[in-house]
A.B. asks: 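Quick one: the structure is below, and I'll ask about it shortly.
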Amino acid sequence: MSTGMPGYGAPQNNGYGNYGNTGQGNGYGASQPYGYPSPAQPAITVGDGLSWAWSRITDNPVVLLVGFGLWTVLTGIGVEASYTVNGVEHSYGLGIPGGNIISLAAILIGPIALAHVGILTSSGRKASFRDVFTFPNFLQAFLAILLSRLAILIGTIFLIIPGIILGYLFSFVAYAAVERNLGVTAAMRYSMRLLSDNVGLLLPFALIGFLLYVAGAITVIGWIITGPLVALMTTYAYVRVQGRDVARYPSQG
């Protein structure tokens with residue numbers, strides 16, 4: 001697996017302050033508007049986000065569907081659960097003995113690679129299978145995700161609601177660590193600030209994303225589509241809320 005920096009040039013500061021090392025060759029070329037001059041950029045809406053995400057999937061279906069699907073399978077290798085809907089029992093996970101370690105590793109490092117793929121896609125580049133296993137700023141991103149997940153778990157176990165709130169506030173941790181090359185706490189703070197300052201814009205994305213994940217799980221194989229769709233929609237929200245636009249033209253090979 002690759003842990004090197006993509007080296008596309010650093011993203012520009014967007015007014016949220018200097019949160020750490022943001023200028024060491026870890027940008028993705030996404031800081032420039034694509035297809036629209038700044039005043040004419042479309043509103044940040046779930047509809048626009050879903051439309052853009054779907055257009056990126058149809059532009060690069062094999063890598064995005066298989067790549068995201070592979071990480072979803074890896075997270076479920078050590079999990080076995082079932083639920084009943086309308087009297088029909090559905091199962092989730094593979095429950096492979098000893099798979100818990102693989103699942104835990106996938107939960108903690110998968111978001112790094114998927115954030116990389118999402119940001120790469122948002123910049124107008126077509127991701128490859130190599131990108132699905134590329135982990136920019138690996139150590140800092142890994143630790144930031146680990147601490148975020150622990151905080152969410154603790155909040156959920158004891159009071160539930162704080163866990164849900166933290167889950168929302170830490171939605172952009174992997175993206176911040178990957179794109180801006182931030183340290184552990186800086187990535188967590190950056191994610192929290194973006195999401196807390198833009199609740200009205202971003203909460204609908206979180207709610208629709210959750211419903212899509214549920215729909216994907218209920219239909220058993222629907223996650224093949226909903227997984228990458230939600231991830232790219234999240235990428236869209238992350239990029240757009242910082243005042244930039246996503247690439248709106250067909251990616252070039």
A.B. asks: Using a 4.5 Å cut-off on heavy atoms from C-beta on, say whether the side chain of V246 contacts that of Y238.
C.D. replies: no
A.B. asks: Would you compute the distance between atom CG of L201 and atom CD1 of I44 and round it to the nearest 0.5 angstrom?
C.D. replies: 5.0 Å
A.B. asks: Given the rule that I, L, V, M, F, W and Y join up when any side-chain heavy atoms are under 4.5 Å apart, are L153 and I109 in one cluster?
C.D. replies: no
A.B. asks: State the CD1-CG distance between I208 and L50, to the nearest 0.5 angstrom.
C.D. replies: 7.5 Å
A.B. asks: Could I get the full list of side-chain hydrogen bond (donor to acceptor under 3.5 Å, both in side chains) partners for N60, not counting sequence neighbours?
C.D. replies: none
A.B. asks: Does L150 share a hydrophobic cluster with I160, counting links as ILVMFWY side-chain heavy atoms below 4.5 Å and allowing steps through other members?
C.D. replies: yes
A.B. asks: Do you know the tightest heavy-atom contact between A141 and P136?
C.D. replies: CB-O, 4.3 Å
A.B. asks: As an exercise, state the distance from OG1 of T185 to CE of M192, rounded to the nearest 0.5 Å.
C.D. replies: 11.5 Å
A.B. asks: Which atom pairs, donor and acceptor, lie under 3.5 Å between side-chain atoms of residues 167-178 and protein residues at least two apart or in another chain?
C.D. replies:
| residue | atom | partner | partner atom | Å |
| --- | --- | --- | --- | --- |
| Y168 | OH | L195 | O | 2.8 |
| S171 | OG | G167 | O | 3.1 |
| S171 | OG | Y168 | O | 2.8 |
| Y175 | OH | A231 | O | 3.1 |
| Y175 | OH | T235 | OG1 | 3.1 |

A.B. asks: Looking at NZ of K126 and CG of D59, how far apart are the two atoms once the value is rounded to the nearest 0.5 Å?
C.D. replies: 4.5 Å
A.B. asks: Any donor-acceptor pair under 3.5 Å linking the side chain of N137 with the backbone of L182?
C.D. replies: yes
A.B. asks: Looking at CD1 of I154 and CZ of R149, how far apart are the two atoms once the value is rounded to the nearest 0.5 Å?
C.D. replies: 14.0 Å
A.B. asks: Find out if a path of hydrophobic residues (ILVMFWY) with successive side-chain heavy-atom gaps under 4.5 Å connects I152 to V199.
C.D. replies: yes
A.B. asks: Who passes side-chain hydrogen bond (donor to acceptor under 3.5 Å, both in side chains) against T45, sequence neighbours left out?
C.D. replies: none
A.B. asks: Taking the six-membered ring for Trp, are Y236 and W52 parallel (under 30°), tilted (30 to 60°) or perpendicular (over 60°)?
C.D. replies: tilted
A.B. asks: Mind listing the closest non-hydrogen atom pair of Y213 and V230 along with its distance?
C.D. replies: CE1-CG1, 3.4 Å
A.B. asks: I need the minimum non-hydrogen distance between L194 and L202, along with the two atoms involved.
C.D. replies: O-CD1, 3.8 Å
A.B. asks: Do the side chain of T75 and the main chain of T72 share a donor and acceptor less than 3.5 angstrom apart?
C.D. replies: yes
A.B. asks: Above 12 or not: heavy atoms from other molecules or residues under 6.0 Å from CD1 of I157?
C.D. replies: yes
A.B. asks: Any chance CZ of F210 has more than 12 other-residue heavy atoms, nucleotides or ligands included, within less than 6.0 Å?
C.D. replies: no
A.B. asks: Kindly give the heavy-atom pair with the smallest separation between A53 and M233, and that separation in Å.
C.D. replies: CB-N, 3.9 Å
A.B. asks: Through direct or indirect side-chain contacts below 4.5 angstrom among Ile, Leu, Val, Met, Phe, Trp and Tyr, which residues connect to I107?
C.D. replies: none
A.B. asks: Return the minimal non-hydrogen interatomic distance between P111 and I145, and the atom names on each side.
C.D. replies: CB-CD1, 3.8 Å
A.B. asks: Scan side-chain atoms only and decide if D48 and S51 contain a donor-acceptor pair under the 3.5 Å cut-off.
C.D. replies: no
A.B. asks: Which atom pair, heavy atoms only, marks the closest approach of A127 to T121?
C.D. replies: CB-OG1, 4.4 Å
A.B. asks: Residues two or more places apart in sequence or in another chain: which of them pass side chain to side chain contact (heavy atoms under 4.5 Å, CB included) with I161?
C.D. replies: I164, I165
A.B. asks: From F68 CZ over to T226 OG1, what is the distance, rounded to the nearest 0.5 angstrom?
C.D. replies: 11.5 Å
A.B. asks: Restricting to side chain to side chain contact (heavy atoms under 4.5 Å, CB included), what partner residues turn up for I57, sequence neighbours left out?
C.D. replies: W54, L64, L65, P228, L229, L232
A.B. asks: Is the ring pair F138/F142 parallel, tilted or perpendicular, if the boundaries are 30 and 60 degrees?
C.D. replies: parallel
